[in-house]
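The next block holds one structure in the form of structure tokens; read it before the comments.
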Amino acid sequence: MGRSAIVEDIDENRSVWAAGKPPYEPESTLRRDVTCDVAIIGGGLSGVSTALHLSQRYKDRSLVLLEARTLANGASGRNGGLVLNWVNGVETRNPQRAKLVYDATRQGIDLIERTIAEHALPVRFRREGTLEVITDPARAEEAARDVERLNAAGVPLRFLPRS
């Protein structure tokens, strides 16, 4: 069995959120040169979002979106609909940098919410926050200090002690 047969067996990317939708019908394969002002490679969340916003902002420009498989294939297809107001792995020791990360990701979520409303998209969208559970007492104390420091920088976090 060749690699392509194995990939086709396991790489359907039919997520729960897409399971009830009609099958995606891609355009025909690109078989000629295309001239455009902007070419976007990849039809995941970032590529489709970029295409939407560029087409709205620059109506006089031609745009082509190229996707090898189907829209929302790969990581975008496996996403469970989670939108986080943070970037995991970003160092938070610098409160101003942490505030910039918080503000940038918050603006992205605001944009998603506005886009849903503007286009009356039939999706559920809720802003409920997240919860990080820490079971090690020393790490919990450090987290409490981090929350205080980040609150002072304008990042709205809340520490819930074990009690």
Side-chain angles (χ1 to χ4, degrees), residues 7-8 10-30 34 36-134 143-144 146-160:
V7 169
E8 297 216 2
I10 62 172
D11 195 27
E12 186 180 342
N13 273 312
R14 207 66 179 142
S15 299
V16 173
W17 61 266
K21 306 290 182 210
Y24 171 70
E25 297 294 330
E27 293 290 326
S28 59
T29 301
L30 185 63
V34 175
C36 61
D37 294 312
V38 179
I40 298 171
I41 314 255
L45 180 60
S46 296
V48 171
S49 177
T50 300
L52 170 68
H53 294 287
L54 285 177
S55 69
Q56 290 174 336
R57 185 169 183 179
Y58 302 103
K59 296 181 186 309
D60 60 327
R61 307 270 171 85
S62 59
L63 185 142
V64 173
L65 174 65
L66 301 168
E67 169 56 51
R69 294 186 58 108
T70 61
L71 291 179
N73 190 61
S76 292
R78 290 184 297 272
N79 184 313
L82 210 49
V83 179
L84 299 177
N85 200 172
W86 200 251
V87 177
N88 289 332
V90 170
E91 177 56 50
T92 62
R93 298 288 174 217
N94 179 327
Q96 291 76 25
R97 183 173 179 201
K99 178 72 164 103
L100 287 173
V101 170
Y102 174 81
D103 288 344
T105 56
R106 179 75 177 211
Q107 290 171 15
I109 296 169
D110 291 344
L111 177 62
I112 292 168
E113 190 171 33
R114 283 194 311 273
T115 301
I116 290 168
E118 177 184 336
H119 296 282
L121 299 175
V123 298
R124 292 178 300 197
F125 181 81
R126 299 184 322 241
R127 291 179 102 142
E128 296 182 343
T130 61
L131 176 67
E132 181 177 353
V133 177
I134 300 172
D146 286 345
V147 165
E148 286 179 19
R149 188 174 40 75
L150 291 169
N151 280 165
V155 179
L157 300 173
R158 201 168 92 190
F159 182 82
L160 302 173

Original post:
N151 and R158: side-chain contact (heavy atoms from CB on, under 4.5 Å), yes or no, with the steps?
Top reply: CA-CA 8 Å; N151 280 165; R158 201 168 92 190; over 6 Å; no
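Residues satisfying the side-chain hydrogen bond (donor to acceptor under 3.5 Å, both in side chains) criterion with E118, sequence neighbours excluded, are absent altogether.
Counting all heavy atoms, side chain and backbone alike, C36 lies closest to S62 at CA-OG, 3.2 Å. Closest of all the heavy-atom pairs between V64 and L66 is CG1-CD2, 3.6 Å.
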Contacts under 3.5 angstrom, residues 39-55 side chains, donor-acceptor by atom type, not counting sequence neighbours:
residue : atom : partner : partner atom : Å
T50     : OG1  : S46     : O            : 2.7
S55     : OG   : A51     : O            : 3.1
S55     : OG   : L52     : O            : 2.8

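Rounded to the nearest 0.5 angstrom, F159 CZ and L150 CG are separated by 13.0 Å.
Side-chain contact check for L157 versus E148: every heavy-atom pair is 4.5 Å or farther apart.
Screening residues 103-114 for side-chain hydrogen bond (donor to acceptor under 3.5 Å, both in side chains) gives N85-T105, K99-D103, Y102-R106, D110-R127, E113-R127 as the qualifying pairs, with residues at least two apart or on separate chains.
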